[in-house]
Amino acid sequence: MIEWSQETITAFQKTLLNWYDQHKRDLPWRKDHDPYHVWVSEIMLQQTQVQTVIPYYLRFMKEFPTVQALADADEAHLMKAWEGLGYYSRARNLQKAARQIVTDYHGQWPTTVKGLQELSGVGPYTAGAIASIAFNQPVAAIDGNAFRVFSRLLEIDDDVAKPQTRKVFENVVDQIISKDRPGDFNQAIMDLGTSYMSAANYDSSHSPVKEFNQAYLDGIEDQFPVKTKKKRPVRHDFFALVLHADNQILFDKRPSTGILANFLMFPMFDQHDLIKDKSDSQEVLIHRVEEQMSTEDRLPVHLHQLPAKPVIHTFTHQQWHITLLRGSLPADSDLSYFPGKWIQIDHFNDIAFPKVQLKMWQAYQKAIAKK
DNA sequence: TATACGTGGCT
DNA sequence: TAGCCAAGTAT
């Protein structure tokens with residue numbers, strides 16, 4: 001049980017919702033409460049900032065205006081619409097869920113948290129957000145904003161990085177949430193959490209709910225939320241091959257699981273896997289790649305390291321250092337001999353690539369232009 | 001439960 | 001600048 005009295009709870013709701021009515025952000029997915037609009041925006045907003053999402057959301061609604069259109073979309077089209085947004089399993093789960101709705105539910109949306117969580121990619125937060133915003137259910141939607149805001153308001157010091165902490169906050173919000181306007185309540189908390197009560201540069205002294213903010217009143221806001229630190233990304237060193245033949249370049253399709261699943265990328269070799277002896281030089285490793293690519297003498301591949309800095313790309317858990325290798329083939333080589341897919345440069349714009357692949361292509365073109 | 005999963009912004 | 005943060009979920 002929280003310390004707030006029923007009077008305090010009512011006063012908080014009123015203050016928060018009045019502020020929201022006057023100052024809520026005008027966002028494209030707030031024009032109505034259509035569950036499709038709410039759902040797509042919530043999936044895009046997972047771990048992604050509002051300003052990043054807006055243009056993606058607007059394009060997405062033009063391309064796929066309805067659940068049916070999304071269910072019918074071909075995967076390449078879908079991934080192109082998601083290109084650059086990251087966490088690409090979100091897009092695949094989105095379509096999986098669209099097909100669930102169309103096929104399994106005959107177009108009828110589940111309206112409860114439990115029902116919504118049956119949809120692929122919809123977890124406790126997103127289910128709460130859709131249920132409250134689209135279906136007016138008085139349920140919590142605990143995201144990073146809610147963790148931050150309520151941890152400060154009530155000086156809750158449970159570690160928000162731990163999964164079990166979610167239920168502590170759900171219990172709190174279940175008691176405080178407005179039963180009349182649950183969707184607006186949850187969205188108001190998010191607006192508060194990105195403005196007066198943001199992670200950095202918060203401005204609690206001007207916050208509409210400062211008198212309810214115990215951590216502020218006690219001068220200890222900087223202690224909330226309590227969150228254990230993340231681990232640093234692990235470094236991996238790769239070679240990436242740029243194998244040119246006429247106007248085509250060789251691509252590999254990545255495995256169907258793991259990071260950047262299913263994307264087409266330049267063939268990549270983990271340098272660590274190429275090492276046989278500690279004393280192996282970079283030249284020796286490159287030569288081993290040449291051997292792997294030229295298993296028959298009739299098609300020797302010659303590789304040259306490009307006069308370019310390695311491409312460095314950091315993910316949440318990995319940091320890639322990629323050395324680009326340009327490959328040359330004998331004239332009239334049989335391209336079908338190589339494992340992978342030859343793609344016309346002219347067609348690059350129609351294919352979805354992850355950011356690191358676009359970086360490699362840019363670095364390659366820059367290096368070639370210099371020569 | 002702890003970890004993997006992308007990208008961009010900010011200090 | 002290296003690290004943290006941003007409307008989390010799946011496994």
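Convention: sequence-line order gives letters A, B, ...; per-chain numbering from 1.
For the salt bridge (charged side-chain N to carboxylate O under 4.0 Å, His left out) test, no residue two or more places apart in sequence or in another chain qualifies with A:Glu155.
Applying the salt bridge (charged side-chain N to carboxylate O under 4.0 Å, His left out) test to every pair with at least one member in residues 53-77 of chain A, sequence neighbours left out, gives these pairs: A:Glu75-A:Arg92.
Remark: the separation of the P atoms in C:dA7 and B:dC5 is 23 Å, to the nearest Å. B:dA4 and C:dC4 have their P atoms separated by 16 Å, with the value rounded to a whole Å. Here the separation of C:dT9 from B:dG8, taken at their P atoms, is 22 Å to the nearest Å.
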N/O donor-acceptor pairs under 3.5 Å from side chains in residues 102-112 of chain A, not counting sequence neighbours:
residue  : atom : partner  : partner atom : Å
A:Thr103 : OG1  : A:Arg99  : O            : 3.1
A:Thr112 : OG1  : A:Gly115 : N            : 3.0

Checklist entry - In the 5'-to-3' direction, what one-character label does each nucleotide of nucleotides 5-11 of chain C receive under the scheme B = base within less than 4.0 Å of a protein heavy atom, S = sugar-phosphate only, - = no such atom? => result SBBBSS-
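Salt-bridge check for A:Arg288 with A:Asp280: passed, with a basic side-chain N closer than 4.0 Å to an acidic carboxylate O. Taking the charged nitrogens against the carboxylate oxygens, A:Arg235 and A:Asp237 do have a contact shorter than 4.0 Å, which makes a salt bridge.
Here A:Gln51 lies out of heavy-atom contact (under 4.0 Å) with every strand. Using a 4.0 Å heavy-atom criterion, one finds that A:Asn186 contacts no nucleic acid atom at all.
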Item to check | side chain to side chain donor-acceptor pair (under 3.5 Å) assessment of A:Asp218 paired with A:Gln214 | outcome: CA-CA 6 Å; A:Asp218 292 340; A:Gln214 195 58 46; 3.3 Å; yes
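Contact check of residues 63-70 of chain A against DNA chain C (heavy atom, cut-off under 4.0 Å) returns no residues at all.
Put simply, chain A comes within 4.0 Å of DNA chain B, heavy atom to any atom, from B:dT1 to B:dT11, going 5' to 3'.
Centroid-to-centroid, the aromatic rings of A:His236 and A:Phe315 stay 6.0 Å apart or farther. In this structure, the ring of A:Phe135 has its center no less than 6.0 angstrom from the ring center of A:His33. Between A:Phe12 and A:Phe212, the distance separating the two ring centers is shorter than 6.0 angstrom.
Nearer to the 5' terminus of DNA chain B, by closest-nucleotide assignment, is the contact made by A:His317 (compared with the other of A:His317 and A:Thr314). Of the two residues contacting DNA chain B, namely A:Gln164 and A:Pro354, the nearest-nucleotide position lying further toward the 5' end is that of A:Gln164.
A ring-ring contact (aromatic ring centres under 6.0 Å, His included) with A:Phe251 holds for exactly one of A:Phe263, A:Phe353, A:Trp361, A:Phe338; it is A:Phe353.
Using a 4.5 Å heavy-atom threshold, the side chains of A:Leu358 and A:Gln362 count as separate.
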